[in-house]
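FYI, side chains are in, hydrogens and waters are out, and symmetry mates aren't considered; it's all heavy atoms of this structure.
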Amino acid sequence: MNGAWSFRLNPGSDGQEELWQEQKESEFDAQIIVPFSWVSPLSGIGRNEKGTGWYRRGIRWSPAQTGSRLFLCFGAVDYSCDVWINGTHAGSHAGAYGSFELEVTGLWRTGSDNVIVVRAEDCDYSYQARGKQGYGELRGIWQPVWLEARCSNYIKSAAFATRIDGSVSVTATIEAKQAGAAVLAFDFDNGAVRHSEELQLSEGANEISVSFAVDEPRLWSPDTPSLYEGEVRLASEAGEDAVSTYFGIREIGTALFGDRSYRWITLNGKPVYLNGTLDQSYHPTGYFTYPSDEEMRDEIYLMKRLGLNFVRIHIKPEEPRKLYWADKLGILVMEDMPCFWGNPDEAARAAYEREAREVIERDRNHPSIFSWVMFNETWGLKTDDQAPDQTRDWVPANRYLPETQQWVRDIYRWAKQLDPTRLVEDNSPCNWDHVESDLNTWHFYKNGYEIVREHVEGVVDQTFPGSTLNYCEGFTQSDAPLMNSECGNVWGIEGGAGDSDIAWHYRYMLNEFRRHDKMCGFVFTEFRDVTNEFNGYYRLNGTEKRFGYEAFVPGMTLTDLHSPDFIVIDAPPCQTVDASAAVQVALLRSSFDDRHFGKTLRLSWELWFDDLGVRTVADQGSVALEWNGYGVSPLAPLTVRMPDQDAVAVLGLKLSTLEGEAVMRNFTTFDVRSKAHDDAAEESSRRISVPVGQFKSQTFPYQWNAIQGHKTNGGGAGMFEYEIALPDQAELGFLSSVDIYFEAGAKRLLVRNIEGDVQIKADISFMHGADAHTERNSNTYYMTDEERHESRIEVCIDGEPVESFLLPDDPADSRGVLSWHYQTVANKLEEAGSYGYLCKVSVPGRIAAKLDRTRKLLLTIRTDEGGVALYGRNAGRYPIDLLVSCN
């Protein structure tokens with residue numbers, strides 16, 4: 001039933017008094033594309049108005065088998081819904097996220113035209129489970145609608161519970177109009193799995209429990225997402241009902257290992273490290289409804305290609321078809337219940353409980369789902385006596401009452417009883433306020449290596465049975481597994497909701513996580529950028545962000561940081577060290593996979609640096625590692641000798657099998673600082689360094705310096721001029737050649753560069769679609785992505801053009817080592833991660849002859865509208881200022 005319906009939106013009236021359900025087609029003044037929310041662009045309406053939407057569709061349809069029972073099914077409608085068939089009320093439903101169906105057998109006219117009218121009301125009442133709809137509202141029908149014919153005795157539901165020994169238990173509900181004998185049959189895996197049960201049905205609902213075994217079961221996991229596809233059939237005198245479905249055999253749990261006092265999360269009886277991301281499930285045109293099945297599949301694909309093995313669906317249940325792709329392609333799912341935003345009063349609790357049951361009962365057959373999260377960050381759980389009774393976007397509340405805490409505990413226990421096969425979390429907290437939970441999770445948004453390190457260590461050290469950390473007063477920790485359920489830097493950076501490089505932060509944060517044996521995983525915020533949060537792996541439109549790790553270790557990608565077998569570099573992301581110094585680097589092994597146990601792996605390492613465009617290896621080696629045992633343990637530290645000159649040195653690691661297959665890669669960096677060159681070097685070569693900020697003149701419409709003056713920017717078309725004194729004849733008798741080196745990038749002008757910074761307070765309004773004015777935010781410096789901002793520069797010596805360069809972009813990512821290393825404040829960034837491209841100019845002989853006479857040069861760097869950024873010694877990726885080398 002997806003497609004075009006007649007529509008009428010009436011924000012001010014519900015239409016029932018006017019009997020709109022009886023109105024003719026001509027009374028409906030618009031057309032809407034179902035199943036898209038009337039707010040979304042793809043609906044064809046695109047109006048964010050509360051109130052009532054009326055849908056009308058005429059259809060002629062007859063089931064293939066006479067005597068069938070007919071059902072009109074809705075994936076989801078937000079929020080309250082009434083349905084009429086041919087002018088007669090067929091039923092109603094309330095709740096934004098649950099699926100429901102109405103039997104319309106007695107109302108349907110087979111062989112002739114039928115009229116379906118749906119009234120959907122969404123007024124954002126405070127008791128409604130809304131979740132995080134601020135990015136794009138759900139209003140009206142937003143999941144598929146379909147008609148379905150069933151036998152008069154039919155299978156209403158069948159819940160599968162599996163164990164890794166192959167045993168399968170099924171709890172089914174059979175609706176029967178005709179009592180009598182029946183056979184319930186299971187046929188899966190192309191007939192390899194078969195079982196049948198003889199039943200005696202009574203009229204009405206029949207609850208049936210069935211068990212059977214699968215020989216040599218193929219277990220479901222993200223690595224091997226094996227599904228048993230087939231049918232459940234019910235045969236009786238009333239006919240045969242068949243339902244196509246599938247199940248996956250797997251077990252989720254927690255367990256103690258060795259002499260540890262804390263549990264780990266297990267999949268199929270083995271520890272699993274959860275590399276996860278937060279998914280808002282938001283689409284720029286369909287909002288929370290994907291335009292196509294292919295796009296839902298691609299969402300799961302794009303997660304898996306990053307090496308992620310799980311996703312947290314944030315404050316909403318996922319559309320079932322997307323869960324199918326999670327099952328099919330293999331990714332674990334932590335599914336949230338949607339929250340309400342009002343007070344936790346009786347109306348809100350009743351509505352929540354009804355909807356949570358619908359969601360769990362609908363989605364519990366998906367093997368990908370390993371956890372239910374009942375509440376998030378205490379949203380809707382705090383009481384505010386001044387809150388409006390009806391609707392509100394956001395009124396801060398501050399009292400998490402003891403009776404509400406008890407209700408949350410009751411909800412946790414209710415969910416455990418309803419679905420004992422999964423982990424249940426009471427509340428995913430940012431306020432240290434668990435009450436009872438299978439997972440001891442916490443949120444943090446902090447930036448800066450030392451800050452993150454100290455914070456994570458503090459949480460780990462205070463995690464043990466009986467600890468009061470992270471729990472409400474009167475409650476204490478159990479031995480539940482510790483994991484992070486939200487992390488990143490979007491809310492940790494002052495001002496919030498800016499757009500900056502996440503690659504640098506991400507790598508050291510994951511190294512910090514893997515240092516700790518207690519930690520079982522993390523949820524990175526987030527999978528894609530959304531309207532006012534820009535810290536996704538991908539842009540909202542799915543385009544790539546460039547992390548740049550391959551520039552440090554050949555072949556390295558994000559997947560290396562998500563490896564279950566991991567080499568931790570227990571060191572800052574960059575250290576300042578002396579040239580020629582011997583530096584010790586601590587290493588740890590972290591393993592949450594037994595695939596290499598009992599084998600020897602090889603850890604290879606290389607210390608290298610870029611010497612003005614020449615990759616130079618300063619030190620290297622390898623060591624064999626006997627790979628055994630889960631968890632974290634120390635390795636022998638590496639001692640490496642630094643280059644004897646200024647350099648950004650990279651220590652790259654590669655863990656591989658003896659056959660050469662890469663297991664994972666990692667790296668750390670060093671800012672190597674040297675003293676002046678020795679006299680012998682000075683005799684044959686003279687190098688003059690000119691700070692990039694010491695230009696004689698400039699003609700740019702916008703010009704400013706950054707990173708403590710080590711980066712100078714020219715926005716728009718213009719030029720920088722530098723007067724440079726060359727060695728006199730006493731220093732260098734004969735000037736045979738002059739080479740000029742500098743690091744330069746294009747300069748993309750942001751609004752704040754033109755109009756000035758405007759700091760926007762980071763608050764809950766961002767989650768409700770408030771404009772964060774990204775380019776005014778002082779922390780914003782767009783991370784490298786597929787979008788390019790080119791510039792072309794021309795280099796002149798004494799007014800004569802000698803070279804031109806195309807600067808491909810104005811990039812910012814992990815390659816901007818020095819632009820990260822010399823940030824002065826961790827949560828107030830200044831063009832962090834930005835860097836340029838090495839430019840070398842060899843001065844032609846005719847000009848060198850002149851310079852031999854004058855012993856000075858006028859260097860001009862002229863650019864088009866793309867602008868230019870020049871990087872000095874403590875910015876970018878090369879530790880040089882403007883460098884003039886004379887021989």
Side-chain angles (χ1 to χ4, degrees), residues 504 507 548-556 569 571-585 587 603-623 638-654 656 662 665-689 710 737-745 805 811 813-822 835-842 871-887:
W504 187 259
R507 184 179 58 83
Y549 297 151
E550 72 283 354
F552 299 92
V553 184
M556 183 175 175
I569 299 178
C574 185
Q575 302 175 65
T576 299
V577 296
D578 292 333
S580 302
V583 177
Q584 190 176 85
V585 180
L587 302 178
L603 177 61
S604 304
W605 57 272
E606 183 179 70
L607 183 74
W608 68 274
F609 65 100
D610 187 313
D611 186 9
L612 296 179
V614 178
R615 190 179 191 277
T616 305
V617 176
D619 208 348
Q620 61 185 347
S622 67
V623 61
L638 287 180
T639 300
V640 291
R641 187 164 297 280
M642 292 295 124
D644 61 359
Q645 64 182 72
D646 273 28
V648 172
V650 177
L651 175 61
L653 305 180
K654 181 179 179 181
S656 58
R665 304 166 182 86
N666 205 350
F667 69 90
T668 189
T669 63
F670 305 89
D671 175 24
V672 183
R673 303 189 76 96
S674 66
K675 298 178 181 179
H677 292 290
D678 58 39
D679 293 339
E682 290 293 316
E683 289 178 0
S684 60
S685 174
R686 297 294 185 270
R687 291 189 172 187
I688 302 99
S689 288
H710 288 274
S737 65
V738 178
D739 293 320
I740 303 170
Y741 301 85
F742 58 90
E743 181 180 350
F805 298 93
D813 56 58
S814 62
R815 286 167 281 197
V817 172
L818 297 171
S819 293
W820 272 115
H821 187 49
Y822 286 99
Y835 64 94
Y837 307 89
L838 184 64
C839 300
K840 178 184 177 181
V841 177
S842 294
Y871 293 84
R873 169 59 181 82
N874 292 352
R877 64 187 300 189
Y878 297 96
I880 59 170
D881 290 302
L882 285 171
L883 181 63
V884 181
S885 177
C886 302
N887 291 294

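Counting heavy atoms from C-beta outward, P879 and R873 have side chains that approach closer than 4.5 Å. In this structure the side chain of N874 never reaches within 4.5 angstrom of the side chain of L818, judged on heavy atoms. When side chains are defined from C-beta on, F670 counts as touching T668, because their heavy atoms get closer than 4.5 Å. Residues W820 and C574 have side chains not in contact (no heavy-atom distance under 4.5 Å, counting atoms from C-beta outward). A heavy-atom distance below 4.5 Å is found between the side chains of W504 and V817. For the pair V623 and W605, the minimum side-chain heavy-atom distance is 4.5 Å or more. Contact check for V884 versus C886: side-chain heavy atoms found under the 4.5 Å cut-off. No side-chain heavy atom of V672 sits less than 4.5 Å from a side-chain heavy atom of D578.
Going from atom CD1 of I740 over to atom CG of L883 covers 9.5 Å, rounded to the nearest 0.5 Å.
Closest heavy-atom contact between F609 and P643: CD2-CG, 3.4 Å. Nearest heavy-atom pair across A875 and E743 is O-OE1, 3.9 Å. Of all the heavy atoms in Y871 and G836, the pair that sits closest is CE1-N, 3.5 Å. Contact between V585 and A571 at its shortest, heavy atoms only, is CG1-CB, 4.5 Å. Scanning both residues, G548 and S814, for their nearest heavy atoms gives C-OG, 3.7 Å. The minimum heavy-atom distance between G555 and E550, with the atom names listed, is N-CB, 4.4 Å.
Applying the side chain to side chain donor-acceptor pair (under 3.5 Å) criterion to S656, with sequence neighbours excluded, gives no partner residue. Remark: R665 pairs with D560 by the salt bridge (Lys or Arg N to Asp or Glu O under 4.0 Å) rule, at least two apart or across chains. For S622, the side-chain contact (heavy atoms from CB on, under 4.5 Å) partners two or more places apart in sequence, or in a different chain, are R602, S604. The side-chain contact (heavy atoms from CB on, under 4.5 Å) check on T576 picks up D671, R673, H821, Y822, with sequence neighbours excluded. For D739, the side chain to side chain donor-acceptor pair (under 3.5 Å) partners at least two apart in sequence or on another chain are S842. Partners of R641 by salt bridge (Lys or Arg N to Asp or Glu O under 4.0 Å), not counting sequence neighbours: none found. Contacts of V650 classified as side-chain contact (heavy atoms from CB on, under 4.5 Å), with partners at least two apart in sequence or in another chain: F552, W608, F667, T669.
Applying the salt bridge (Lys or Arg N to Asp or Glu O under 4.0 Å) rule to pairs touching residues 876-887 yields nothing, sequence neighbours excluded. Listed by first then second residue, pairs satisfying salt bridge (Lys or Arg N to Asp or Glu O under 4.0 Å) with a partner in residues 607-623 read E606-R615, not counting sequence neighbours.
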Legend entry - Verdict with supporting geometry, I569 and L587, side-chain contact (heavy atoms from CB on, under 4.5 Å): CA-CA 5 Å; I569 299 178; L587 302 178; 4.1 Å; yes
Inset, instruction - Run the numbers on I880 and Y741 for side-chain contact (heavy atoms from CB on, under 4.5 Å), then give the verdict. - result: CA-CA 8 Å; I880 59 170; Y741 301 85; 4.2 Å; yes
Legend entry - Residues S885, R687; criterion side-chain contact (heavy atoms from CB on, under 4.5 Å); working and verdict: CA-CA 4 Å; S885 177; R687 291 189 172 187; 4.3 Å; yes
Inset, instruction - Please test V841 against F805 for side-chain contact (heavy atoms from CB on, under 4.5 Å), starting from the C-alpha separation and ending with a verdict. - result: CA-CA 10 Å; V841 177; F805 298 93; 3.8 Å; yes
